[in-house]
Amino acid sequence: MSTLKATTLEANTLLAADGTSTTAPSIPALDKRFAKAWVNFDGSGTVAIKASYNVSSITDHTTGDYTVLFIVPMASAYYSATGMARTNSLAGTILEQRTNVAPTSSSLRVSTRSVTDLSSVDAQWISVTVFGS
């Protein structure tokens with residue numbers, strides 16, 4: 001049996017990309033341990049979010065260049081993001097934060113490249129997870 005003790009429990013309602021809503025509890029001592037946003041999307045052809053939490057949309061700028069937009073902004077731009085990417089036809093794909101575009105509290109710009117020649121590629125499987133305040 002587990003026991004949860006809390007002085008205050010707050011909730012924010014978030015609207016998911018598929019139109020459903022969810023209530024995210026806020027437990028201050030644990031907040032930094034939980035992902036604040038995550039998304040899995042297809043970056044090839046017409047960009048399509050497959051599943052997400054606290055992500056409103058993906059902007060497709062050009063080949064292998066995307067912006068992830070958050071529904072509820074982070075407290076600042078100093079959060080941690082991690083991710084992975086895969087294409088169906090290449091030996092490997094690199095997912096990176098765009099070096100020429102700083103993250104903001106409301107978005108993160110990422111790009112995908114081929115491991116063989118570092119050229120920009122559209123990936124069919126891109127996942128990004130964000131931790132922070």
Side-chain angles (χ1 to χ4, degrees):
M1 185 170 92
S2 299
T3 302
L4 174 64
K5 296 180 180 181
T7 304
T8 304
L9 185 62
E10 300 173 3
N12 295 318
T13 301
L14 301 176
L15 182 64
D18 66 1
T20 60
S21 63
T22 183
T23 301
S26 175
I27 304 171
L30 298 177
D31 272 355
K32 292 184 181 180
R33 297 180 193 178
F34 297 125
K36 296 297 183 196
W38 61 264
V39 65
N40 178 282
F41 66 98
D42 184 341
S44 63
T46 301
V47 172
I49 294 175
K50 297 174 187 176
S52 68
Y53 172 74
N54 194 26
V55 171
S56 62
S57 62
I58 306 293
T59 302
D60 184 2
H61 299 285
T62 187
T63 301
D65 184 4
Y66 316 95
T67 297
V68 177
L69 298 153
F70 308 128
I71 296 170
V72 176
M74 304 299 129
S76 74
Y78 301 109
Y79 48 81
S80 176
T82 187
M84 63 180 185
R86 160 178 78 76
T87 61
N88 291 335
S89 60
L90 298 173
T93 307
I94 299 168
L95 176 70
E96 63 185 3
Q97 178 195 337
R98 293 288 298 199
T99 56
N100 60 341
V101 181
T104 70
S105 62
S106 60
S107 67
L108 173 66
R109 195 145 169 192
V110 297
S111 62
T112 51
R113 299 180 181 274
S114 164
V115 296
T116 54
D117 62 5
L118 298 181
S119 63
S120 295
V121 295
D122 282 342
Q124 288 80 23
W125 182 280
I126 303 170
S127 293
V128 177
T129 305
V130 177
F131 294 89
S133 298

From Q124 CD over to I126 CD1, what is the distance, rounded to the nearest 0.5 angstrom?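 If we round to the nearest 0.5 Å, Q124:CD and I126:CD1 are 8.5 Å apart.
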Between CG on residue L118 and CD1 on residue I94, distance to nearest 0.5 Å: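 Output value for this atom pair is 5.0 Å.
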Does any part of the side chain of [Y], heavy atoms only, come nearer than 4.5 Å to the side chain of [X], both counted from C-beta?
X   : Y   : value
M74 : N54 : yes
I49 : V55 : yes
L69 : T59 : yes

What residues, two or more places apart in sequence or in another chain, satisfy side-chain hydrogen bond (donor to acceptor under 3.5 Å, both in side chains) together with D122?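 Testing D122 for side-chain hydrogen bond (donor to acceptor under 3.5 Å, both in side chains), a comparison that skips the adjacent residues, returns Y66.
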With S111, which residues qualify under side-chain hydrogen bond (donor to acceptor under 3.5 Å, both in side chains), at least two apart?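 Applying side-chain hydrogen bond (donor to acceptor under 3.5 Å, both in side chains) to S111 gives E96.
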Test side-chain contact (heavy atoms from CB on, under 4.5 Å) on V115 and T93 and set out the steps. CA-CA 5 Å; V115 296; T93 307; 5.8 Å; no
For [X] against [Y], the heavy-atom pair lying closest together:
X    : Y    : result
P103 : A77  : O-CB, 3.3 Å
V128 : L95  : CG2-CD2, 4.1 Å
V121 : S114 : CG2-N, 3.8 Å
V130 : A81  : CG2-CB, 4.2 Å
A85  : T112 : CB-CG2, 3.7 Å

Which atom pairs, donor and acceptor, lie under 3.5 Å between side-chain atoms of residues 38-46 and protein residues at least two apart or in another chain?
unit_1: N40; atom_1: ND2; unit_2: S127; atom_2: OG; d: 2.8
unit_1: D42; atom_1: OD1; unit_2: S44; atom_2: N; d: 2.8
unit_1: D42; atom_1: OD1; unit_2: S44; atom_2: OG; d: 2.6

Taking ILVMFWY side chains as joined if any heavy atoms are under 4.5 angstrom apart, and letting links pass through other members, which residues group with M84?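 Result for M84 is W125.
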Enumerate the residue pairs fulfilling side chain to side chain donor-acceptor pair (under 3.5 Å) with a member in residues 69-85, sequence neighbours excluded, ordered by first and then second residue.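 Matches after skipping sequence neighbours: none remain.
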Quick check: does any side chain N or O of S120 sit under 3.5 Å from a backbone N or O of R113, one acting as donor and the other as acceptor?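 Judged by distance alone, no pair lies under 3.5 Å.
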Only counting residues at least two apart or in another chain, list the ones meeting salt bridge (Lys or Arg N to Asp or Glu O under 4.0 Å) with D65.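 By the salt bridge (Lys or Arg N to Asp or Glu O under 4.0 Å) rule, D65 matches R98, R109.
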